[in-house]
Amino acid sequence: MKKEMTKEEALHKLAAYCSSAERCTQDIEKKLQMMDLSQEDINQVLLRLQQEKFVDDRRYAYAFVSDKFRFNQWGRIKIAYELKKKAIPSAYINEALASIDEEAYNRLLITLLRGKQKGLKAKDNRDRYLKLFRFAAGRGFTPVEIARCLKALGNDEDLYSDDLE
């Protein structure tokens, strides 16, 4: 038999939960709904957590962008998509994405492409280019960024030369 949780108990439990790692409003709402609280209590607890800065979607967006870029090595498109799924406002997403250092971003993409290229089996230059392009697109980089970095790596020279022979 499950004991019903009071509003104060939920507040303390979720304050501790938010203290351990950055959380977004949607994550907290889901936790509160699982606690079988009334909608009014859910709104009050959530508001209090936001007022006391346990939950801050702007701060969450910055932390998420930083972590996914540094550790998961994702591009801006994939990061933005995941933040949108968590109902983070577009203004916060754009602001956080703008905080990524452009030079570090390009360096990461080139490093990823070089690493992928080493173990790549391709029948010709065009095939290699397309496989690298798809790989980077899957990581969330834009076609323009990918093409620019592939060009910097020298992968787009004589793309179709193998087809002419």
Side-chain angles (χ1 to χ4, degrees), residues 1-117 119 131-150 152-153:
M1 193 164 116
K2 189 176 173 183
K3 177 186 161 241
E4 278 197 34
M5 191 173 289
T6 67
K7 183 171 69 172
E8 289 302 313
E9 288 172 332
L11 177 67
H12 292 298
K13 186 173 182 171
L14 287 170
Y17 177 68
C18 291
S19 297
S20 66
E22 205 60 63
R23 313 287 179 189
C24 69
T25 303
Q26 187 183 66
D27 293 343
I28 300 307
E29 281 178 356
K30 285 180 182 175
K31 285 274 189 197
L32 283 165
Q33 288 167 353
M34 291 182 348
M35 293 178 179
D36 293 328
L37 296 172
S38 70
Q39 191 58 47
E40 184 182 330
D41 286 347
I42 288 173
N43 293 340
Q44 288 175 0
V45 170
L46 190 56
L47 182 64
R48 181 115 178 255
L49 288 169
Q50 289 170 333
Q51 287 171 339
E52 295 181 16
K53 296 291 182 193
F54 283 104
V55 178
D56 183 340
D57 283 346
R58 172 178 273 131
R59 195 176 61 213
Y60 177 82
Y62 273 93
F64 189 91
V65 166
S66 175
D67 287 353
K68 298 304 176 188
F69 174 68
R70 286 178 46 219
F71 302 118
N72 295 42
Q73 300 178 327
W74 288 358
R76 288 187 179 105
I77 293 173
K78 190 167 184 171
I79 293 170
Y81 175 76
E82 292 299 323
L83 284 170
K84 283 177 188 165
K85 279 180 25 183
K86 291 190 171 279
I88 303 298
S90 293
Y92 295 168
I93 294 171
N94 295 335
E95 190 180 311
L97 288 173
S99 72
I100 297 174
D101 178 57
E102 200 61 40
E103 193 176 312
Y105 190 77
N106 289 326
R107 246 191 339 264
L108 170 65
L109 179 53
I110 286 175
T111 302
L112 286 171
L113 290 169
R114 277 189 184 133
K116 182 68 174 176
Q117 187 176 17
K131 285 182 178 186
L132 289 171
F133 198 95
R134 275 193 299 272
F135 165 75
R139 284 290 181 111
F141 293 90
T142 66
V144 172
E145 295 163 343
I146 299 166
R148 186 183 59 233
C149 287
L150 285 171
L153 287 173

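For reference, positions follow the sequence shown, starting with 1.
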Check: More than 12 heavy atoms of other residues, nucleotides or ligands under 6.0 Å from NZ of Lys31: is that the case?
Finding: no
Notebook entry, point to check: For Gln117 and Leu132, what are the C-alpha separation, side-chain angles and deciding distance, and is it a side chain to side chain contact (heavy atoms under 4.5 Å, CB included)?
Noted result: CA-CA 7 Å; Gln117 187 176 17; Leu132 289 171; 4.2 Å; yes
Calculate, to the nearest 0.5 Å, the distance between atoms [atom1] and [atom2] belonging to [X] and [Y] respectively.
X: Phe64; Y: Leu97; atom1: CZ; atom2: CG; result: 10.0 Å
X: Cys149; Y: Leu109; atom1: SG; atom2: CG; result: 4.0 Å
X: Lys84; Y: Ser90; atom1: NZ; atom2: OG; result: 5.5 Å
X: Asp57; Y: Thr25; atom1: CG; atom2: OG1; result: 3.5 Å
X: Tyr62; Y: Ile93; atom1: OH; atom2: CD1; result: 12.5 Å
X: Ser99; Y: Asn94; atom1: OG; atom2: CG; result: 11.5 Å

Is a side-chain donor or acceptor of [X] paired with a backbone partner of [Y] at a separation under 3.5 angstrom?
X: Ser66; Y: Ala63; answer: no
X: Glu52; Y: Leu49; answer: no
X: Asp27; Y: Arg23; answer: no
X: Arg139; Y: Gln73; answer: yes

Next item on the list: Could you check Leu14 against Met35 for side chain to side chain contact (heavy atoms under 4.5 Å, CB included), going step by step and ending with a plain yes or no?
Entry: CA-CA 11 Å; Leu14 287 170; Met35 293 178 179; 3.9 Å; yes
Next item on the list: Would you please test Glu82 and Lys68 for side chain to side chain contact (heavy atoms under 4.5 Å, CB included) and show each step?
Entry: CA-CA 10 Å; Glu82 292 299 323; Lys68 298 304 176 188; over 6 Å; no
Within a strict 4.5 Å, meaning less than it, do heavy atoms of the [X] and [Y] side chains meet?
X: Arg134; Y: Lys131; value: yes
X: Val55; Y: Tyr60; value: no
X: Val65; Y: Leu83; value: yes
X: Ile42; Y: Gln39; value: yes
X: Phe135; Y: Ile146; value: no

Notebook entry, point to check: Can the positive tip of Arg76 be found less than 6.0 Å from the middle of the six-membered ring of Phe141, inside 45° of the ring normal?
Noted result: no
Notebook entry, point to check: Parallel, tilted or perpendicular: which describes the rings of Tyr105 and Phe69, with under 30° parallel and over 60° perpendicular?
Noted result: parallel
Item checked: Over all atoms of both residues, closest heavy-atom pair of Phe54 and Ser19 -> CE2-OG, 3.4 Å
Checklist line | Residue pair Leu37 / Ala10: nearest heavy atoms and the distance that separates them | finding: CD1-CB, 3.6 Å
Check: If we ignore angles and hydrogens, is there a donor and acceptor under 3.5 Å between the side chains of Gln44 and Glu40?
Finding: yes
Notebook entry, point to check: Does a donor on one side chain and an acceptor on the other come within less than 3.5 Å for Arg148 and Asn106?
Noted result: yes
Check: Glu22 and salt bridge (Lys or Arg N to Asp or Glu O under 4.0 Å): which partner among Arg58, Lys53, Lys86, Arg59?
Finding: Arg59
Next item on the list: Before giving the answer on side chain to side chain contact (heavy atoms under 4.5 Å, CB included), spell out for Lys30 and Gln26 the whole-Å C-alpha distance, their side-chain angles and the decisive distance to 0.1 Å.
Entry: CA-CA 6 Å; Lys30 285 180 182 175; Gln26 187 183 66; 4.1 Å; yes
